[in-house]
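Naming: A, B, ... by sequence-line order, numbering from 1 per chain. What's counted below: heavy atoms across the whole structure, side chains too, no hydrogens, waters or symmetry copies.
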Amino acid sequence: MGLIVNFESLLSDRLAPALEAVAGHPVDPAVRASPHADFQSGAPLALARELGRAPQEIAAEVATRADLAGLAEITVSGPGFLNLTIGDDLLAESLRLTGADQRLGVPATAAPERIVIDYSGPNVAKEMHVGHLRSTIIGDALARTLEWLGHDVVRVNHLGDWGTPFGMLVEHLVDLGGAADHSIRDLTAFYQDARVKFDTDDDFRTRARLRVVALQSGDPLSRDLWQRLVAQSERYFLDVYQRLGVTLGPDDFAGESRYQDDLPVLVAELLAQGLLTDSDGALCAFPDGFTGRDGDALPLIVRKADGGFGYAATDLAAIRHRVGTLGADRLLYVVGAPQRTHFEMVFAVARKAGWLPGGVTAEHLGFGSILGADGKMLKTRAGDTIKLAELLDEAVARATAPAIGIGAIKYADLSGDRRGDYVFDWDRMLASTGNTGPYLQYAYARIRSLFRKAGTGPGPVTVTEPAERALALTLLGFEPALRAAAGQAEPHRLAGYLHDLAVAFSVFYERCPVLRAADDVRASRLGLAELTARTLHTGMFLLGIETLEEI
RNA sequence: GCGCUCGUAGCUCAGCGGAUAGAGCAACGGACUUCUAAUCCGUCGGUCGUAGGUUCGAAUCCUACCGGGCGCGCCA
């Protein structure tokens with residue numbers, strides 16, 4: 001169901017008429033959470049100049065006129081702020097309503113959209129490395145969140161499973177006898193061996209090029225060998241996803257190869273619309289507003305001079321498919337920041353070609369890099385890229401439980417603004433204090449421990465102590481936090497909220513004995529604890545962070 | 001060169017138009033016969049890169065500059 005108790009909007013609704021009466025026209029009450037009260041409105045300050053009156057005077061008049069009966073106390077404060085304090089009974093009643101709701105007071109969206117989220121996207125025949133971590137974690141958190149809010153989410157794992165490297169890889173497999181059953185570790189060495197041969201052996205290079213042609217023209221042997229590489233890689237990816245607690249499954253793979261038959265059609269459509277220009281044999285689109293190093297228009301190369309297709313063509317084909325066939329209303333790409341220009345160009349061309357109609361939005365959700373302690377891109381001491389599987393191994397080894405190690409990595413990634421770079425630091429992410437995964441997991445485990453010992457269940461909540469009040473208010477902030485996180489594709493807003501909640505609970509836990517309290521108080525505090533546990537659990541689930549019953 | 005992005009406490013980060021800029025770590029000092037002290041409380045610590053501008057009000061918006069990162073025609 002979802003029954004919202006959103007004090008900001010409730011207060012706004014009550015203040016708006018009073019403000020309008022004083023100002024003579026509608027005014028945004030601008031209600032915000034406040035450090036000086038539960039909520040505040042700064043609207044009178046904005047009106048002072050216009051009305052030629054002192055802001056305190058305006059605030060006083062608004063306070064007098066506003067009908068806040070049964071909702072809040074209002075006082076004038078400071079230079080002309082309106083401080084709003086919710087009544088304790090209303091707080092308790094709001095908690096009751098929220099607690100009685102399966103969805104913790106968060107209604108499913110009234111306007112569900114079909115949202116296609118493109119994330120993770122590793123390369124076949126290559127091991128996943130830290131470079132795939134952020135896309136996988138952030139994309140999954142967004143997928144979980146949007147889905148829970150009632151949207152129809154389609155996860156797409158845009159595998160790198162096609163293109164010239166596969167001529168080389170398949171040819172190398174032929175050289176090795178074709179039937180060998182390689183592990184993915186073998187495949188990493190396999191890839192490097194193939195690469196070396198490609199770079200040093202002219203004969204092999206020629207065969208590799210012919211192999212690409214054979215593969216792309218459907219030669220059965222080539223396809224079979226290629227398919228083995230793909231299947232084996234997919235098994236490995238799924239294993240990593242399972243360890244990471246990521247919701248990408250076998251049905252979500254949609255590699256670049258899937259669009260190969262669409263590419264000639266796509267080129268024909270673009271040509272027919274006059275959107276392509278021949279440039280030294282390559283077919284390029286030149287969307288408006290993009291310039292290169294020399295100041296000339298920047299090309300989006302759709303078909304290379306050798307007749308092959310690059311990633312621009314595949315990305316265009318993917319849009320065409322996601323909108324035309326999957327019926328997407330919204331396309332999200334959780335892909336590193338460096339590809340920003342590329343996607344802007346692809347979107348521009350797709351718009352012009354009509355594959356992205358007006359009602360459909362496409363967003364590139366970029367993210368920063370993971371840096372080492374030296375402030376540079378995270379690498380091993382030897383300077384190699386760090387394999388994801390090994391990173392997960394280390395996380396598990398360093399933590400007291402696998403879920404804590406994995407949760408620490410994921411939370412570290414989700415707790416900061418995704419656009420910024422972040423410094424990877426085991427000690428910090430595994431710390432039990434601060435804005436970390438372990439801190440949230442610990443808070444949750446403490447609550448579960450309470451219930452194991454309680455013997456009785458929670459009862460009606462009454463709010464009296466300051467720590468109870470603070471916790472109650474924080475609990476009721478779940479819905480706005482979630483809305484902010486989903487609306488702007490910023491998981492760190494939800495993460496920050498969960499940390500605030502865990503802190504509010506910890507303070508409550510220190511100051512307000514639960515099990516030793518007298519009957520009614522005990523039941524009430526168990527009620528607060530239970531709602532906290534449910535909120536933490538839900539929020540952590542939406543971020544993809546596992547909860548533990550005990551630590 | 002052009003474009004994007006980021007410069008907030010010693011460190012790692014929140015805050016992104018409103019009241020004395022907040023956390024965690026680090027440093028120092030407190031709280032466990034008491035529900036998980038993997039916790040909590042306190043102290044110390046900031047010309048919010050610089051300079052202008054807009055505004056009643058700017059870390060937040062605009063402009064310029066400085067500094068870091070990234071991108072800019074056949075890799076994805």
Side-chain angles (χ1 to χ4, degrees), chain A residues 30 32 34-36 40-43 45-50 55 77-81 83 121 123 158 160 162-165 256 279-284 286 289-306 308-312 314-315 335-342 344 366 368-369 371 373 375-377 400 404 412 415-417 419-423 425 427-436 438-439 441-443 445-454 492-493 495-496 499-500 503 506-507 509-517 522 525 529 550-551:
Chain A
R32 304 280 144 74
S34 171
H36 304 278
Q40 68 180 39
S41 164
L45 283 82
L47 288 172
R49 186 182 179 81
E50 175 192 332
S77 172
F81 285 94
N83 280 359
N123 294 313
H158 194 73
W162 203 242
T164 45
E256 299 173 315
S279 174
D280 299 329
L283 289 176
C284 303
F286 290 90
F290 297 90
T291 51
R293 203 188 303 279
D294 51 11
D296 292 345
L298 196 58
L300 185 71
I301 298 166
V302 176
R303 199 180 70 191
K304 298 185 286 184
D306 67 3
F309 297 100
Y311 55 99
T314 314
D315 283 332
V335 181
Q339 292 191 47
R340 184 187 164 115
T341 308
H342 165 70
E344 284 180 351
S369 305
L371 308 178
K376 294 178 180 170
M377 299 268 278
T400 50
I404 293 178
S415 58
D417 187 318
R419 281 162 282 254
D421 296 342
Y422 82 93
V423 177
D425 180 335
D427 291 339
R428 191 161 54 259
M429 68 177 69
L430 284 164
S432 54
T433 297
N435 191 9
T436 67
Y439 181 82
Q441 288 168 323
Y442 180 66
R446 277 170 132 187
I447 301 175
R448 300 305 301 163
S449 173
L450 270 183
F451 279 96
R452 278 194 296 276
K453 294 186 173 170
H492 80 285
R493 303 220 174 237
H499 177 248
D500 288 346
V503 168
S506 295
V507 172
Y509 185 86
E510 295 284 331
R511 309 239 172 107
C512 303
V514 177
L515 301 182
R516 288 189 290 113
R522 177 187 152 106
R525 289 180 178 170
E550 59 184 312
I551 291 174

(request) Using a 4.0 Å heavy-atom cut-off, write out nucleotides 53-58 of chain B from 5' to 3' as B (base contacted by protein), S (sugar-phosphate only) or - (no contact). (result) ---B--
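- Side chain of A:T436 to main chain of A:A431: a donor-acceptor pair is present (N/O by atom type, distance under 3.5 Å, no hydrogens or angles).
- On the C1' atoms, B:A58 is 16 Å away from B:G49, given to the nearest whole Å.
- Note on A:Q40: a base of the nucleic acid sits closer than 4.0 angstrom, heavy atoms only.
- Considering only residues two or more places apart in sequence or on other chains, A:D500 meets the salt bridge (Lys or Arg N to Asp or Glu O under 4.0 Å) condition with none of them.
- Using a 4.0 Å heavy-atom criterion, one finds that A:Y439 contacts the sugar-phosphate atoms exclusively.
- Atom C1' of B:U8 sits at a distance of 14 Å from the matching atom of B:G45, rounded to the whole Å.
- Nearest nucleotide to the side chain of A:P513, out of B:A19, B:C35, B:A14: B:C35.
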(message) Strictly under 4.0 angstrom, non-hydrogen atoms only: write out the protein contact profile of nucleotides 68-76 of chain B, one letter per nucleotide from the 5' end, B, S or -.
(response) --SSBBBSB
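- Side-chain contact check for A:S432 versus A:Y439: every heavy-atom pair is 4.5 Å or farther apart.
- Taking A:Y509 as the reference, A:F505 meet the ring-ring contact (aromatic ring centres under 6.0 Å, His included) condition, with sequence neighbours excluded.
- Taking the side chain as every heavy atom from C-beta outward, A:H342 and A:L300 approach each other to under 4.5 Å.
- Once rounded to the nearest 0.5 Å, the distance linking OG1 of A:T400 with CG of A:L430 reads 8.5 Å.
- Note on A:H492: every side-chain N or O is 4.0 Å or more away from OP1 and OP2 of B:C13.
- Close to B:A37, at under 4.0 Å from its OP1 or OP2, lies a side-chain N or O of A:R446.
- B:U43 and B:G7 have their P atoms separated by 28 Å, with the value rounded to a whole Å.
- Taking atom C1' in both B:G22 and B:C65, the straight-line distance is 30 Å, to the nearest Å.
- Residue ring and nucleobase are stacked for A:F81 and B:A19, with a centre distance beneath 5.5 angstrom and an angle between planes beneath 30°.
- Backbone-only contact: A:R428 has heavy atoms under 4.0 Å from sugar-phosphate atoms and none from a base.
- Contact annotation: the side chain of A:F81 never approaches that of A:S34 to less than 4.5 Å [non-hydrogen atoms, C-beta and beyond].
- Using a 4.0 Å heavy-atom criterion, one finds that A:S77 contacts the bases of the nucleic acid, with or without backbone contacts as well.
- Between the side chain of A:R522 and the backbone N or O of A:A454 there is at least one donor-acceptor pair closer than 3.5 Å.
- Base engagement by A:V514 is indicated by at least one non-hydrogen atom pair under 4.0 Å involving a base atom.
- With pairs defined as Watson-Crick or G-U wobble and both atom distances under 3.5 Å, the stems of at least three pairs that touch RNA chain B come out as B:1-7 with B:66-72, B:10-13 with B:22-25, B:27-31 with B:39-43, B:49-53 with B:61-65.
- Across all strands, A:R493 comes closer than 4.0 Å only to sugar-phosphate atoms, never to a base (heavy-atom distances).
- The salt bridge (Lys or Arg N to Asp or Glu O under 4.0 Å) check on A:R525 picks up A:E468, with sequence neighbours excluded.
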